[in-house]
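So the structure is just underneath, and the comments pick up after that.
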Amino acid sequence: MKVLVINCGSSSLKYQLIDAQTEGVLAKGLCERIGIDGRLTHKPTGKEKVSLEVAMPTHTAAVSLVLEQLTDKENGVIASLDEIGAVGHRIVHGGEKFAEATLLNDEVIKEIEACNDLAPLHNPANLIGINACKELMPNVPMVGVFDTAFHQTMPEKAYLYGLPYEYYEKYGVRRYGFHGTSHSFVSKRAAEILQKKPEDLKIIVCHLGNGSSITAIKYGKSVDTSMGLTPLEGVPMGTRSGCIDPAILEFIANKENLTLAEVTSVLNKKSGVQGLSGVSSDFRDLGAAMDAGNPRAKAAIEVFCYSVAKYIGAYTAAMNGVDAIAFTAGVGENDGVVRALVGEYLGYLGVTIDSEKNKVRGEECIISTEDSKTTVMVVPTNEELAIARETVALVK
Ligand code: AMP
């Protein structure tokens with residue numbers, strides 16, 4: 001079966017067509033500037049990349065163009081749309097309703113709509129993607145795979161905030177966590193690499209990318225995670241602040257004459273390593289600036305690594321131990337400097353990083369030494385493949 005995986009944002013749409021049998025990517029691409037003008041980048045495996053400037057007034061128009069490219073005589077990879085057996089949609093927020101991937105029918109779509117409040121930037125865009133696919137492929141089964149679902153196993157003590165309980169009851173204010181598809185995929189793969197069952201391991205997954213989150217996975221289940229009600233909590237990220245003293249909001253609002261919404265926007269878009277360094281949100285630029293002697297870039301990297309290390313400490317305590325620590329996503333998979341700096345804090349776990357192995361980029365590798373008491377590894381994430389697998393499991 002071939003599965004189309006869709007990750008739909010407010011003005012963009014990423015896609016991959018995956019052969020479920022071989023798990024190979026047949027084609028992937030990106031629609032950008034939907035509703036503005038429109039740009040499509042389509043990469044069929046084994047063929048040249050195609051870039052088109054083409055009008056995309058709506059998401060339905062964007063999906064329609066994607067389907068055209070997939071079946072195109074020259075750039076296509078399938079003869080007809082009949083070859084697409086299912087569509088898997090990434091959905092950011094499933095609230096407390098969705099603890100696993102779910103077949104999308106009208107009732108489920110309504111329940112996802114009810115979670116819009118919790119992810120006002122993401123869920124409505126995800127729903128637009130679902131509706132566009134429904135319109136163009138009405139008979140193809142569709143599955144929703146939620147970023148929050150994997151974390152629904154967290155115990156109450158991990159997900160409740162120290163706030164009036166009625167906010168949880170009335171508005172669902174609690175920790176939900178994100179990147180769940182990635183944390184689940186990476187922890188399972190880490191167990192496979194270690195030739196153990198997830199049920200026998202305590203794993204900490206550090207998903208470090210533009211957005212970063214750390215998860216404690218005890219015996220195969222998420223028991224705590226650093227992102228919260230929204231993806232703003234946790235470690236400082238590319239442009240997001242991560243955890244700060246909540247009183248800073250009012251303090252900065254008064255000092256800078258900003259509304260609460262404006263301060264929140266600063267916390268989302270102008271903070272993190274970008275805000276600290278004044279250089280970039282991209283760790284490649286930060287590393288280069290640090291090497292060139294920029295003290296703020298150095299401080300940004302140090303704040304980031306220190307924060308990651310503190311979460312590892314907290315989650316080691318939460319699980320009463322840790323067997324393996326896995327780094328994943330853009331920074332985690334590629335940035336040996338960050339991994340080494342985090343590793344320096346882990347001496348109490350008996351961790352030693354092998355500096356040669358730590359040069360690895362984007363490949364599975366155990367980067368701790370053989371005598372390291374806790375295994376540290378790089379495990380590339382593959383959210384699209386994880387979505388395709390969950391989709392196939394439901395429609396089979
Ligand atoms: P992601 O959100 O997982 O796509 O990660 C994106 C981030 O990964 C970028 O903003 C970069 O900071 C980082 N990244 C990607 N490649 C590298 C690399 N070779 N070295 C350091 N950081 C990288």
Side-chain angles (χ1 to χ4, degrees), residues 5 7-9 12-16 25 28-30 32 41 43 90 92 121-122 147 177-187 189-190 205-215 225-227 230-242 268-292 294 296-305 307-308 326-343 353 355 357-365 367 377-387:
V5 176
N7 182 352
C8 193
S12 70
L13 184 150
K14 281 193 228 159
Y15 62 93
Q16 281 195 11
V25 177
K28 62 178 167 184
L30 171 67
E32 292 168 285
T41 316
K43 176 74 184 81
R90 177 193 177 209
V92 167
L121 295 180
H122 294 103
D147 267 31
F178 298 86
H179 293 140
T181 311
S182 174
H183 287 294
S184 166
F185 178 88
V186 169
S187 59
R189 185 66 200 134
V205 174
C206 304
H207 177 112
L208 311 180
N210 230 337
S212 296
S213 69
I214 327 280
T215 296
T225 191
S226 60
M227 284 180 168
T230 74
L232 183 54
E233 196 183 342
V235 294
M237 309 175 208
T239 63
R240 284 175 243 167
S241 65
N268 268 305
K269 297 184 183 152
K270 294 187 178 164
S271 301
V273 292
Q274 160 80 65
L276 277 167
S277 68
V279 171
S280 171
S281 62
D282 191 306
F283 276 73
R284 287 164 287 201
D285 302 335
L286 286 178
M290 180 172 78
D291 292 345
N294 183 319
R296 275 173 58 189
K298 183 166 181 270
I301 292 176
E302 284 176 349
V303 169
F304 177 77
C305 295
S307 179
V308 172
F327 286 96
T328 195
V331 179
E333 290 168 28
N334 295 298
D335 198 325
V337 173
V338 164
R339 293 188 303 247
L341 281 172
V342 174
I353 302 288
S355 53
K357 290 183 185 155
N358 190 35
K359 288 181 179 157
V360 70
R361 282 191 175 180
E363 273 172 50
E364 287 180 355
C365 183
I367 58 167
M377 53 212 299
V378 172
V379 181
T381 191
N382 191 338
E383 285 166 288
E384 290 78 13
L385 177 58
I387 291 172

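Counting starts at 1 for both ligands and their atoms, in listed order.
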- line: Rounded to the nearest 0.5 Å, the SG atom of Cys365 sits from the CD1 atom of Ile367 at a distance of 7.0 Å
- prompt: Among all residues two or more places apart in sequence or in another chain, which pass the ring pair (Phe, Tyr, Trp, His ring centres under 6.0 Å) test with Phe178?
  reply: His93
message: Please report whether ligand 1 has a polar contact with Gly209, defined as an N or O pair separated by less than 3.5 Å (distance criterion only).
response: no
- line: Quick note on ligand 1: atoms under 4.0 Å from a heavy atom of Ala329 include exactly 3 (O)
message: Protein heavy atoms near atom 4 (O) of ligand 1, is at least one of them under 4.0 angstrom away?
response: no
message: Measuring only between side-chain heavy atoms, which start at C-beta, is Arg90 closer than 4.5 Å to Lys14?
response: no
- request: Provide the closest heavy-atom pair for Ser281 versus Gly238 in the form atom of the first, atom of the second, distance.
  value: CB-O, 3.5 Å
- line: Among Thr239, Asp285, Val331, Leu208, closest by heavy atom to atom 13 (C) of ligand 1 is Val331
message: Give me the nearest non-hydrogen protein atom to atom 11 (C) of ligand 1 as residue plus atom name, then the distance to 0.1 Å.
response: Asp282 OD1, 3.3 Å
query: Atoms of ligand 1 less than 4.0 Å from Asp335 heavy atoms?
result: 21 (C)
query: Between His207 and ligand 1, does any nitrogen or oxygen pair lie at a separation below 3.5 Å?
result: no
query: Starting from atom 12 (O) of ligand 1, which protein heavy atom do you reach first, and at what distance in Å?
result: Phe283 N, 2.6 Å
- request: State, with a plain yes or no, whether a side-chain heavy atom of Glu384 is found less than 4.5 Å away from one of Asn382.
  value: yes
statement: for atom 2 (O) of ligand 1, nearest protein heavy atom and its distance come out as Asn210 N, 2.9 Å
task: For atom 20 (N) of ligand 1, find the nearest protein heavy atom and state the residue, atom name and distance (0.1 Å precision).
output: Arg284 CG, 3.5 Å
statement: the protein heavy atom lying closest to atom 14 (N) of ligand 1 turns out to be Gly330 O, 3.6 Å
message: Please list the nearest protein heavy atom to atom 18 (C) of ligand 1 with its residue and the distance rounded to 0.1 Å.
response: Asn334 CB, 3.3 Å
- request: Return the orientation label for the His207 and His179 ring planes: parallel under 30°, perpendicular over 60°, tilted otherwise.
  value: parallel
task: For residues Gly343 and Ile353, report the shortest heavy-atom separation together with the two atoms involved.
output: CA-CG1, 4.1 Å
message: Can you tell me how far apart OG1 (Thr41) and CG (Leu30) are? Round to the nearest 0.5 Å.
response: 5.5 Å
